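The structure displayed is predicted, hence computed values, not measured ones.
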Amino acid sequence: MPRTIIDFWVGLFVIAGIGALLILGLKVGNLTSYNTGESYTLTGNFENIGGLKIRAPVKSSGVVVGRVTDIQFSLETYDALVTMAINTHYRFPKDTFASILTSGLLGEQYIGLSPGGDDEMLAEGDKIMKTNSAMVLEEMIGRFLFDKAAED
């Protein structure tokens with residue numbers, strides 16, 4: 001086989017490998033499912049966000065309904081203020097509960113929305129009043145150890 005044909009196939013496999021790495025990087029960075037459609041923003045205050053990151057999914061019943069767009073520290077309430085962009089196709093009642101959850105045992109963190117039963121719906125700029133912070137493994141172990149030490 002001539003040297004030029006071997007060089008061609010090697011080059012083709014190198015390009016395919018670089019393309020596969022690019023696609024993998026986009027999937028890991030949550031950039032493949034970035035939705036630029038119409039959305040409305042909601043905010044929520046959380047005592048502890050754990051490892052929540054910008055562009056983390058916002059899910060309801062396992063379906064991605066939005067993304068986290070901003071995380072800031074509130075100087076008024078001294079907790080994290082999380083801003084979410086929710087797709088306009090999905091509407092949630094005013095008494096929706098927002099929790100920071102983890103996919104799998106040590107997977108990525110996301111916000112889970114559990115709708116309530118209110119007739120009035122959340123709108124642009126509304127604040128979710130019922131929130132549940134992330135479970136931090138170190139805090140749970142510390143509480144367990146202190147509870148065991150208090151029993152003796």
Euclidean distance, Ser39 OG relative to Met84 CE, rounded to 0.5 Å: 12.0 Å
Exam field: side chain Ser74 to backbone Leu81, donor-acceptor pair closer than 3.5 Å: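 Checked: no pair found.
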Residues which pass side-chain contact (heavy atoms from CB on, under 4.5 Å) with Thr131, listed by chain and number, not counting sequence neighbours: Phe46, Ala98, Ile128
Set of residues satisfying side-chain contact (heavy atoms from CB on, under 4.5 Å) with respect to Thr83, sequence neighbours excluded: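 Result, side-chain contact (heavy atoms from CB on, under 4.5 Å) vs Thr83: Thr41, Thr43, Thr69, Asp70.
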[X] atom [atom1], over 12 foreign heavy atoms within 6.0 Å:
{"X": "Met121", "atom1": "CE", "result": "yes"}
{"X": "Glu76", "atom1": "CD", "result": "no"}
{"X": "Phe73", "atom1": "CZ", "result": "yes"}
{"X": "Asp7", "atom1": "CG", "result": "yes"}

Arg3 NZ/CZ over Phe8 ring centroid, <6.0 Å and within 45° of normal: no
Geometric cation-pi criterion, Lys59 with Tyr110: 6.0 Å, 45°: yes
Leu122 to Arg91 - nearest heavy-atom pair and separation: O-NH2, 3.8 Å
Taking every non-hydrogen atom, the tightest pair across Pro57 and Gln109: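 Looks like CD-O, 4.5 Å.
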Side-chain donor-acceptor contact under 3.5 Å, Asn45 with Thr77: yes
Same apolar cluster (I L V M F W Y, side chains within < 4.5 Å links), Ile100/Phe97: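 Each belongs to a different hydrophobic cluster.
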side-chain contact (heavy atoms from CB on, under 4.5 Å) between Ile49 and Ile71, intermediate numbers included: CA-CA 9 Å; Ile49 61 167; Ile71 300 172; 3.5 Å; yes
Worked verdict on Lys127 versus Met129 for side-chain contact (heavy atoms from CB on, under 4.5 Å): CA-CA 6 Å; Lys127 179 180 253 184; Met129 301 307 289; 3.9 Å; yes
Test log, rule side-chain contact (heavy atoms from CB on, under 4.5 Å), inputs Lys94 and Asp126: CA-CA 9 Å; Lys94 285 261 187 195; Asp126 281 352; 3.0 Å; yes
Ile111/Val68 under side-chain contact (heavy atoms from CB on, under 4.5 Å): CA gap, chis, key distance, verdict: CA-CA 8 Å; Ile111 294 181; Val68 173; 3.9 Å; yes
